[in-house]
Enquirer: 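Below is the structure I would like to discuss, written out as structure tokens.
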Amino acid sequence: MDLANTAFVLISSILVLFMTPGLAFFYGGLVTAKNVVNTMLSVFIMTGVAILLWISFGYTMAFSGDVLGIVGNLKHVFMAGVNLASLTPTKIPVGAYALFQMMFAIITPALFVGAIVGRIRFKFLLAFLAAWSILIYYPMVHLVWSPTGWLARLGVLDFAGGAVVHINAGITALVLSAWLGRRLKIDSEHHYNLPWVLLGTAILWIGWYGFNAGSALAVNAVAMQAAITSTVATGTAMVVWMVLDMLTTGKPTLVGVCTGTLCGLVGITPASGYVTVLGSVAIGALATLTSFGFIHVIKPRLGVDDALDAFGCHGVSGIVGSILTGVFATKTVNAAVTTNGLAYGGGWRLLGIQLLATGFTIAFVAAMGCLIIWGLRRVMPMRVDATEEQLGLDEGEHGERADYTVGLSERLGTYTADQERYAAEFKGQLEHLNRHSSSTPTLHH
């Protein structure tokens with residue numbers, strides 16, 4: 001094995017895994033207090049379930065054999081018969097590559113949780129995850145990233161998961177939202193914890209270097225290019241969203257800046273290893289403009305309750321990034337680009353392929369998603385009842401509450417009576433101090 005490449009892919013795998021708890025903090029900070037535990041658990045449980053699904057069926061369905069260019073076979077269920085020490089073209093072990101791909105299988109379903117918070121039954125979500133992984137995610141991986149996949153043979157470019165991850169998760173989020181229906185009452189309460197939103201965004205950005213640069217699968221110029229373009233696109237998107245906030249509301253917002261940051265990361269993902277720095281600026285700006293327009297103009301007219309804008313951010317920016325790859329991809333960045341994008345004199349061929357792949361992904365995921373939901377709803381309820389929804393899913397589904405310290409800090413600021421100034425666990429020493437200070441004579445100079 002190539003030690004540098006193998007170490008790089010293993011570190012990248014860890015970074016991608018780190019994104020899932022980061023997403024839990026991002027979503028958990030955005031929801032209201034009564035749904036924090038449910039939201040964070042719904043994201044984090046994907047880690048364990050997706051790992052078991054990946055070794056059971058995922059790897060073999062994605063990368064073993066080929067059935068009509070759509071999916072692999074079941075020859076290596078539970079990784080049986082896979083030589084984990086054999087080497088890939090970049091001289092990393094197959095085991096390292098399988099681990100890296102496993103992390104994508106974890107983070108992708110976690111993304112659509114943001115659309116359905118506060119109203120979906122936890123058991124239904126787990127059943128949906130299993131069916132979605134087998135019937136949608138693994139075939140999408142095969143279609144795009146297996147050399148024998150139909151879209152791969154067609155020449156589609158998806159460096160790190162525009163179609164496979166973000167369009168897939170975004171369309172799934174939209175479909176789930178439509179089937180679930182609107183929340184009984186759109187909560188006007190504040191986000192639970194804005195610092196968590198920033199923390200989650202920062203973790204996602206850091207982890208995204210494993211996501212994008214790691215997809216080069218080697219320590220080389222393409223990995224370097226992917227790291228640079230990911231950084232520039234994200235910085236551009238962050239600033240663009242802030243400016244749009246200021247132009248439309250007069251104030252920049254932390255939630256807006258964090259949302260713009262994610263749009264930049266999503267938009268550049270399919271193109272990161274194929275475009276120049278200038279191309280990444282264009283993709284970051286255009287993805288953010290499109291997502292901002294969708295969330296503020298189109299979404300209110302659709303009537304679909306995508307609670308945390310999983311489609312508006314991941315779906316829309318993923319679609320824009322996938323299409324713009326056909327405009328800005330260039331051979332000068334990556335020899336794997338056999339036909340330059342439209343902006344580099346390659347004509348319409350690559351753009352046409354990207355449009356076809358994007359359209360196919362939207363149609364395939366939407367159709368299969370509807371089929372899965374229809375089937376599952378016939379055997380189990382999808383949505384919690386009205387009483388549980390009003391109570392909150394933290395208590396209703398899990399019998400737990402989020403950390404008390406946020407509420408405590410707010411209450412401490414409202415106490416007026418001396419005896420209520422401090423939390424009970426601190427009263428002993430502080431009351432003793434107050435009792436002595438009240439009897440201390442005043443000193444005069």
Enquirer: CZ of Arg383: more than 12 outside heavy atoms within 6.0 angstrom?
Expert: yes
Enquirer: To check you understand the geometry: which heavy-atom pair defines the closest contact between Ser230 and Ala226, and what is its length?
Expert: OG-O, 2.6 Å
Enquirer: State, with a plain yes or no, whether a side-chain heavy atom of Gln354 is found less than 4.5 Å away from one of Val156.
Expert: yes
Enquirer: Aromatic contact between Phe311 and Phe294, with the criterion being ring centroids under 6.0 Å apart: yes or no?
Expert: yes
Enquirer: Using the rule given for salt bridge (Lys or Arg N to Asp or Glu O under 4.0 Å), can you reason through Arg183 versus Asp305, listing the C-alpha separation, both sets of side-chain angles and the distance that settles it, and then say yes or no?
Expert: CA-CA 7 Å; Arg183 284 164 285 178; Asp305 187 9; 2.7 Å; yes
Enquirer: Using a cut-off of 6.0 Å, state whether more than 12 heavy atoms not belonging to Phe360 lie near its atom CZ.
Expert: yes
Enquirer: Could you check, using the six-membered ring where one of them is a Trp, whether Trp54 and His76 have ring centers closer than 6.0 angstrom?
Expert: no
Enquirer: Return the orientation label for the Tyr59 and Phe63 ring planes: parallel under 30°, perpendicular over 60°, tilted otherwise.
Expert: tilted
Enquirer: Evaluate Leu10 against Leu99 for side chain to side chain contact (heavy atoms under 4.5 Å, CB included), listing each step before the verdict.
Expert: CA-CA 8 Å; Leu10 289 175; Leu99 181 70; 3.9 Å; yes
Enquirer: Count the heavy atoms of every other residue, nucleotide or ligand shown that sit under 6.0 Å from CG of Leu391, and state whether that count exceeds 12.
Expert: yes
Enquirer: Quick check: Phe292 with His296 (ring centres under 6.0 Å apart)?
Expert: yes
Enquirer: Ile106 and Leu17: side chain to side chain contact (heavy atoms under 4.5 Å, CB included), yes or no, with the steps?
Expert: CA-CA 8 Å; Ile106 294 169; Leu17 177 62; 4.2 Å; yes
Enquirer: Can you establish whether the number of heavy atoms outside Arg153 located under 6.0 Å from its atom CZ is more than 12?
Expert: yes
Enquirer: Under a 4.5 Å cut-off applied to non-hydrogen side-chain atoms, are Val9 and Tyr97 in contact?
Expert: no
Enquirer: Would you find a donor on one side and an acceptor on the other, under 3.5 Å apart, between the side chain of His142 and the backbone of Ala62?
Expert: yes
Enquirer: Is there a side-chain contact between Met238 and Trp205, using heavy atoms and a 4.5 Å cut-off?
Expert: yes
Enquirer: Is it the case that the side chains of Thr60 and Tyr138 hold a donor-acceptor pair, with the cut-off being a distance below 3.5 Å and no angle test?
Expert: no
Enquirer: Taking side chain as C-beta onward, heavy atoms only, is Arg377 less than 4.5 Å from Trp179?
Expert: yes
Enquirer: Do Tyr192 and Leu30 come close enough that some side-chain heavy atom pair is under 4.5 Å?
Expert: no
Enquirer: Tyr209 versus Thr231: any side-chain heavy-atom pair under 4.5 Å?
Expert: yes
Enquirer: Donor-acceptor check, side chain of Asp66 to backbone of Gly69, threshold 3.5 angstrom: yes or no?
Expert: yes
Enquirer: Let's go through Thr261 and Trp241 carefully: what are the C-alpha distance in whole Å and the side-chain angles of both, what is the deciding distance for side-chain hydrogen bond (donor to acceptor under 3.5 Å, both in side chains) to 0.1 Å, and is it a yes or a no?
Expert: CA-CA 8 Å; Thr261 300; Trp241 195 291; over 6 Å; no
Enquirer: Show me the pairs that pass salt bridge (Lys or Arg N to Asp or Glu O under 4.0 Å) and involve residues 117-130, at least two apart or across chains.
Expert: none
Enquirer: Of the non-hydrogen atoms in Val77 and Leu74, which two are nearest, and what is the gap between them?
Expert: CG2-O, 3.3 Å
Enquirer: Quick check against the 3.5 Å criterion: does Asp394 have a side-chain atom that pairs as donor or acceptor with the backbone of Val36?
Expert: yes
Enquirer: Given salt bridge (Lys or Arg N to Asp or Glu O under 4.0 Å), test Lys299 with Asp306 step by step and report yes or no.
Expert: CA-CA 9 Å; Lys299 179 188 169 184; Asp306 177 358; 5.5 Å; no
Enquirer: If you compare all heavy atoms of Ile136 against all heavy atoms of Gly369, which two are closest, and at what distance to 0.1 Å?
Expert: CD1-N, 3.7 Å
Enquirer: Just say parallel, tilted or perpendicular for the rings of Phe25 and Trp196, cut-offs at 30° and 60°.
Expert: perpendicular
Enquirer: May I ask you to test the Asn5-Asn220 pair for a side-chain heavy-atom distance under 4.5 Å?
Expert: no
Enquirer: Which pairs of donor and acceptor atoms, one on a side chain in residues 37-53, lie under 3.5 Å apart (sequence neighbours left out)?
Expert:
| residue | atom | partner | partner atom | Å |
| --- | --- | --- | --- | --- |
| Asn38 | ND2 | His398 | NE2 | 2.9 |
| Thr39 | OG1 | Asn35 | O | 2.7 |
| Ser42 | OG | Asn38 | O | 2.6 |
| Thr47 | OG1 | Phe44 | O | 2.9 |

Enquirer: For residues Gly284 and Ala237, report the shortest heavy-atom separation together with the two atoms involved.
Expert: O-CB, 3.7 Å
Enquirer: Is there side-chain contact between Leu351 and Val327, with at least one heavy-atom pair below 4.5 Å?
Expert: yes
Enquirer: State whether the side chain of Asp158 and the backbone N or O of Ala163 hold a donor-acceptor pair below 3.5 Å, judged by distance alone.
Expert: yes
Enquirer: Using the six-membered ring wherever Trp is involved, compare the ring planes of Phe100 and Phe104 and label them parallel, tilted or perpendicular (cut-offs 30° and 60°).
Expert: perpendicular
Enquirer: Taking atom types as modelled, find out whether Thr172 and Trp132 have a side-chain donor-acceptor pair closer than 3.5 angstrom.
Expert: yes
